[in-house]
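Every chain is numbered from 1, with letters handed out A, B, ... down the list of sequences.
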Amino acid sequence: MRNILRKEMKLSASILSYLFILFGLMFFLPGYPILCGAFFVTLGIFQGFQFAREANDIVFSALLPIRKKDVVKGKYLFVCFIEACGLILMLAAALIRMTLLADAAPYRTNALMNANLFAVGGALLTFGLFNLIFLGGYFKTAYKLGKGFVTYIIAATLTIGVLEALHHIPGLEAVNAFGFERIGLQLLLLLAGLAAFLVLTLLSYRAACRHFERIDL
Amino acid sequence: MSIAEVKNLGKVYPAFQLKDVSFSIRQGRITGFIGRNGAGKTTTIKSMLNLVHPDSGEIRFFGLPFASHEADIKKRIGYSTGTVSWYPRKKIRDIVSIVSRFYETWDDEAYRRYLRMFELDENKTPLELSEGMKVKLNLLIALSHRAEILILDEPTSGLDPFSRDELLRIFTELKEHGVAVFFSTHITSDLEKCADDIVYISHGQIVSALPKQAFTEQFSQAGESLEETILRMERGMNHA
């Protein structure tokens, strides 16, 4: 499994997939929809898929001495690796904002979502949607990228819009907690995001293995 | 000994159909897979490697069903396709350093030997190679992991006569080391030069799968070359 991940990282990936991880640092931006950081991380992965398609990557991978479903596993491992890197930056930024910058005025007056553990959970949900819609959709043909990505953009935009505005709904103000306020709720929402990510990714992975086995390359 | 068996392979496309394709490939023999463009050679080869999902039939390598021993079988196979280039902007050295890790049997000495023989520069990218050199790059990778059978899709297309001759000589050398070579071609002189067995496909159906001598005895008319025989048979099938 290490070999296929190494192959993904060194041969298939585009440099943009790595550079766009830095968009995780958008969690530091005040007055900006920070969950777009998660979206931009996935945009970098999408660029990598375009690059790989031009390089006949999928047929090359299918010819390697591995099972066809290990080709799918390699792609999922790589995507999850990039997402995990982005998530680490987001989590680090959120923790800094929750501690050192907890009382910084630009963050306190921010109309949009605050960078707390709920926001990190939101990023996980966004990644889960990417894995379900784009990555799962890609393996239906192992060629077509556009439709899946556009569908994901719509789903991600709606999700990010709802999550960014959620705390303005009366009774839901607590999701925008600052620092370690309502830490129990924040942790719960983070875990909910993680659970959503895992379920969506696993469902997508299983369907992708099934589809990829059947298609002609 | 049969090293690979294709049994009753079938695949239906809207405008083309592979019908009941069956043949076997024997150890230490060169098998030429001949047929005109669009006859079903590439679909058959892709089905043999699980790149195309056949509707029916069975593929076995080394006596094992491909479906349940995919990874182990692929380790013992070398595959090359003529014109496709992988990762056009990556250096050959980088591609090889990744690929070689997948094979416990990777033979670095053989790799260096073929690299010199094919006059390939590791620091070049596939984009910088001519079509013929791309074929050689694919072959280089296939030959460097001590494959027991080479499955080559049109390896001679795009090669100059010298490189083609050189390649056919390499096939003969590999055969002497017990390697089975299965290569598709539409160039009949390739078969005349080195094939031991001929599998002839036309319109998605196997017309004949025989040793070359048996093939000429059965189908050739007096004084007819192999090329003339196959041309006549193909014309006959078009008129049928």
Side-chain angles (χ1 to χ4, degrees), chain A residues 1-19 47-78 81 138-144 207-217, chain B residues 11-13 18 42-43 45-55 61 66-81 83-106 125-127 134 137-138 141-142 145 147 151 153:
Chain A
M1 217 20 56
R2 226 184 325 164
N3 283 338
I4 187 70
L5 184 58
R6 188 186 285 119
K7 186 234 115 204
E8 288 297 326
M9 292 171 79
K10 291 196 168 177
L11 287 183
S12 316
S14 152
I15 184 76
L16 291 178
S17 301
Y18 297 111
L19 283 178
Q47 301 276 1
F49 270 72
Q50 286 183 308
F51 172 83
R53 187 174 64 176
E54 286 165 19
N56 292 311
D57 167 76
I58 209 79
V59 178
F60 180 87
S61 307
L63 287 168
L64 288 170
I66 50 175
R67 291 168 304 174
K68 223 170 155 184
K69 67 177 174 187
D70 291 332
V71 175
V72 179
K73 195 184 274 184
K75 288 276 175 225
Y76 274 77
L77 281 175
F78 176 72
F81 166 75
Y138 168 72
F139 277 106
K140 284 181 184 166
T141 60
Y143 178 75
K144 290 182 183 168
C209 286
R210 233 178 17 251
H211 288 138
F212 189 56
E213 195 60 49
R214 284 196 215 121
I215 58 171
D216 296 337
L217 297 171
Chain B
K11 175 83 184 171
V12 179
Y13 290 106
L18 265 192
T42 299
T43 306
I45 288 182
K46 283 188 165 183
S47 302
M48 290 169 73
L49 297 161
N50 202 21
L51 294 179
V52 160
H53 196 79
D55 298 328
F61 283 92
F66 192 93
S68 52
H69 296 78
E70 186 174 355
D72 289 336
I73 287 173
K74 279 179 178 173
K75 280 183 188 170
R76 299 166 71 183
I77 293 178
Y79 169 76
S80 159
T81 181
T83 48
V84 179
S85 67
W86 323 105
Y87 311 109
R89 292 177 195 279
K90 299 277 182 191
K91 283 186 180 175
I92 293 171
R93 180 196 302 274
D94 297 331
I95 297 173
V96 168
S97 81
I98 295 293
V99 173
S100 60
R101 291 173 196 265
F102 284 89
Y103 297 95
E104 291 93 6
T105 50
W106 185 266
T125 65
L127 193 69
K134 277 181 200 163
L137 171 60
N138 287 331
I141 294 173
H145 63 83
I151 298 176
D153 192 8

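Each of B:D72, B:T43, B:I77, B:I95 has some count of heavy-atom pairs under 4.5 Å with chain A, and the biggest count is that of B:I95. Comparing B:H69, B:K46, B:R101 by heavy-atom pairs within less than 4.5 Å of chain A, the highest count is held by B:R101. Top candidate by heavy-atom pairs under 4.5 Å with chain B, chosen from A:A62, A:A55, A:A52, is A:A55.
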As a quick check of understanding, evaluate salt bridge (charged side-chain N to carboxylate O under 4.0 Å, His left out) for A:D57 and A:K7, giving each step before the final call. CA-CA 10 Å; A:D57 167 76; A:K7 186 234 115 204; 2.9 Å; yes

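Residues passing the side chain to side chain donor-acceptor pair (under 3.5 Å) test with B:E70, sequence neighbours excluded: B:N50, B:K74.
Distance check, rounded to the nearest 0.5 Å: CG of A:L5 to NZ of A:K75 gives 11.0 Å.
Looking at B:K75, both its backbone and its side chain come within 4.5 Å of chain A, counting heavy atoms on both sides. Residue B:I73 does not touch chain A at all, counting heavy-atom pairs closer than 4.5 Å. Using a 4.5 Å cut-off between heavy atoms, B:Y79 touches chain A through its side chain atoms alone.
In this structure, B:K11 contributes its side chain and B:H53 its backbone to a donor-acceptor pair below 3.5 Å.
Applying a 4.5 Å heavy-atom cutoff, the residues of residues 209-217 of chain A that approach chain B are A:E213, A:R214, A:I215, A:D216, A:L217.
Aromatic ring orientation, A:Y138 versus A:F49: perpendicular (interplanar angle above 60°, classes split at 30° and 60°). Below 30°, between 30° and 60°, or above 60°: for B:H145 and B:W106 the angle between ring planes is below 30°, a parallel geometry.
Residues B:F66 and B:M48 have side chains not in contact (no heavy-atom distance under 4.5 Å, counting atoms from C-beta outward). Inter-residue side-chain proximity for A:P65 and B:Y103 is flagged as met; some heavy-atom pair is nearer than 4.5 Å.
We find that B:D94 and B:K91 are not joined by a salt bridge, their nearest charged nitrogen and carboxylate oxygen being 4.0 Å or further apart.
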